[in-house]
Amino acid sequence: MKRIHQLLYTGLLFIGLTGCSKYLDKLDNPNLVTDPPLNGLLAQNTYNTGYNVYRMGYTASYFMQYQASSAKGSDTDIYNEVDYSTSWTAIYSTMMNIQQMLTKATADNAYHHVGVGKIMMAYNLNMLINAFGDVPYSEALKGGELLIPKFDDQAALHTTSMNLLDEGIAELQKTGASLNLDAASDVIHGGNVEAWIKTAHALKARFMNQLTRKASYNAGNVLTELNSAYASNSDDAMMTVFRGRSPWNQVAYNNTVLLLDGWLSEQFVDALDGTTFGVEDPRLPLIATLTQFGDYRGTANGAGRIGTGTDDEESYLSVNGYYSRGNAPLALVTYAEMKFIEAEAAFRADNKPRAYAAYLAGIAAHMNKMGVPTADRDAYLSEPTVSVGEANITLELIAKEKYVAMFLHPESWVDGRRFDYNYKDFELPEGAVLNTFIRRLAYPNVEFSRNGANVPDISGLDERLAFDKP
C-alpha cells in the first residue's frame, strides 16, 4: 500500500476498441491525468479486475493441477514459498482505483458507477482473503501517508464482501443517476445495469457457497440468490477486450516460441482423456494440443517435462483452444458455475432431483459455451458414468464436473480446499515439501518491506484459512 495513490492512473485503461491509444498514453503518465472521467475509471477498473482474475487463476491452476511446470521441482508445483508481490500489488492498486471511482461517483450522484465499483471491490477483496487470509482493508485504501495499515480479520472481510454486494445492488437499482455507464468503457458487461445486478447475485451465491464448512451455511439462502442470478450463458460476466493478446493466449503463444508455459497437468488430462473416469470428454480437444503420438499427455506436477520441451511429447494449452485462442474470453462468473453451485446447494438441502438436474445443466451449459458439437455433448451426457440418475447423484460427481468447468479459474482452488482435494486419483506433486495439499499463500515480500510489523505470522502453507476450517 506504499503510496498506492501515486500509481492510481498508471494501469491499463480501455475506452472502447477504438480511439483509446492517446488516452492510454496519458494514463501511463500520472502527471498528465489528474482528474480522469468516471467512465475512464470504469474502463480501468473493469479491465484490471478481469486481469486480476487471470493472475490469481494462473497461480491456482498449479495447485488444482490444471497446469504443471515443465521444470522438475518447480517452487509453485511442490509448494515452496513463492513471492506473489506482483499479484498482491496489482489487486491493491485496482482496489485503490476502485475506491477513487467510488469517492468521485458518490460525490457526483453517479449511482450506477458506485454500484459497479462496490461489486468489483467485493470481487477483488474476496480473491485476496481466499488466498492470503487476513489482509489490510479498513485502513488500506485511504492513501496519504498511511503506509502501515492494520490487517483485518478474514472472516469479517468475507462479511464485508457480502455487504458490498448488497450495497452495489441497491445503488444499481436507484433511478436518476447523473451519468450512465458507458458501454464501451465497461469491458465486462457493456454498461448493462441489469447484467451487473445479476452478477452481484451470482457472486453472493458464490460467496455463500464458500462457507459450506461453517454452521452458518444455509443451502436455502444460496438457492434464493440463484433465483436472481444468471438464466443462461448469455448472462456470463466475461472480458473480451484486451490490450494485445488475451492473457491465456499469451501463455499459449509463449510456449510456441520456446518460453515454456501452459503445460497441462497429468491430473487434468487423465481426468478428460478416459484414463481416470473411463469416458473421453469432448472438451479436451478444445483445450489441449495433441502430442507427436497423436494423443493427449499431461505432465506430472513436480516431475518436470519428459522430452526436450520442443518435441511435443506432452500436451499444452492450444493457441486455437477455447480458453487460449486469440482474443479468448476471460470468464469472471458464469452460468455454468451457477448451475454447479445450485447442484451442490440442492444436494446439501436433500433435494436430489434438483441437484441432478442442475448438475446435468451445468455440464451442458459449459459444453455449449465452449462450442462442443451437439452430438458429442449429448453422447457425453448419456454416458453411464455421467448420467447416473437422480438417486445416485453425489457431491463427488458434482465436484468432478465443476472442476472441469472451472478450468483455470481461481475459484476452483476454493472448491479444492472445501472438498479437501477429494478428486479421484488426485495426488500430491512429486517432491512436495508439504505432506498435505497447499491451503494458502505466504504473505508477499512487498508487504514485509513496508508493513512488516503488522504482517501476521503463519504456521505454513498448509495452514487453513477461515472458510476452510471445519
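Just so it is clear, the structure is predicted and the values come from calculations on it, not from any experiment. Below, all heavy atoms of this structure are taken into account, side chains as well, without hydrogens, waters or symmetry copies.
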Is it true that [X] and [Y] have ring centroids separated by less than 6.0 Å?
X      : Y      : answer
Tyr62  : Tyr66  : no
Phe63  : Phe437 : no
Tyr323 : Trp248 : no

Give a yes or no on whether the backbone of [Y] and the side-chain of [X] come within a donor-acceptor separation of less than 3.5 Å.
X      : Y      : value
Thr89  : Thr86  : no
His366 : Ala361 : no
Thr289 : Tyr316 : yes
Asn233 : Ala365 : yes
Ser74  : Ser69  : no

[Y] and [X], any side-chain heavy atoms less than 4.5 Å apart:
X      : Y      : answer
Asn48  : Ser93  : no
Pro149 : Tyr137 : no
Gln210 : Phe207 : yes
His158 : Lys214 : no
Pro329 : Tyr322 : yes
Leu172 : Tyr111 : no
Met64  : Tyr403 : yes
Tyr51  : Thr94  : no

Inset, instruction - Would you check, one step at a time, whether the test salt bridge (Lys or Arg N to Asp or Glu O under 4.0 Å) holds for Arg439 with Glu463? - result: CA-CA 6 Å; Arg439 315 300 291 211; Glu463 178 183 271; over 6 Å; no
Modelled atom types, side-chain donor and acceptor of [X] and [Y], under 3.5 Å:
X      : Y      : answer
Arg206 : Tyr123 : yes
Asp261 : Asn255 : no
Tyr217 : Asn209 : yes
Asn227 : His201 : no
Asn80  : Asp75  : yes
Trp263 : Gln67  : no
Asn254 : Gln250 : yes
Tyr58  : Ser87  : no
Ser138 : Asp152 : yes
Asn249 : Arg325 : no
Asn130 : Gln154 : no

Legend entry - Audit row: Asn451, Asn454, side chain to side chain donor-acceptor pair (under 3.5 Å) steps and yes/no: CA-CA 6 Å; Asn451 193 20; Asn454 286 328; 3.0 Å; yes
Inset, instruction - Please lay out, stage by stage, how Met127 and Asn124 fare under the test side-chain contact (heavy atoms from CB on, under 4.5 Å). - result: CA-CA 5 Å; Met127 284 194 295; Asn124 283 279; 4.0 Å; yes
Carboxylate-amine/guanidinium contact [X] [Y], below 4.0 Å:
X      : Y      : value
Glu344 : Arg418 : yes
Glu337 : Lys369 : no
Asp376 : Arg283 : no

Inset, instruction - Fit a plane to each ring of Tyr423 and Phe426, take the angle between them on a 0 to 90° scale, and name the class: parallel (under 30°), tilted (30 to 60°) or perpendicular (over 60°). - result: tilted
Inset, instruction - Classify the angle between the aromatic ring planes of Phe340 and Tyr359 as parallel (below 30°), tilted (30 to 60°) or perpendicular (above 60°). - result: perpendicular
Inset, instruction - Report yes or no: is the cationic atom of Arg55 (NZ for Lys, CZ for Arg) under 6.0 Å from the centre of the six-membered ring of Tyr84, at an angle within 45° of the ring normal? - result: no
Legend entry - Cationic tip of Arg464 above Phe467 ring, under 6.0 Å, 45° of axis: no
Legend entry - Residues Tyr47, Val187; criterion side-chain contact (heavy atoms from CB on, under 4.5 Å); working and verdict: CA-CA 6 Å; Tyr47 188 84; Val187 302; 4.2 Å; yes
Legend entry - Tyr253 atom OH, neighbour heavy-atom count above 12 within 6.0 Å: no
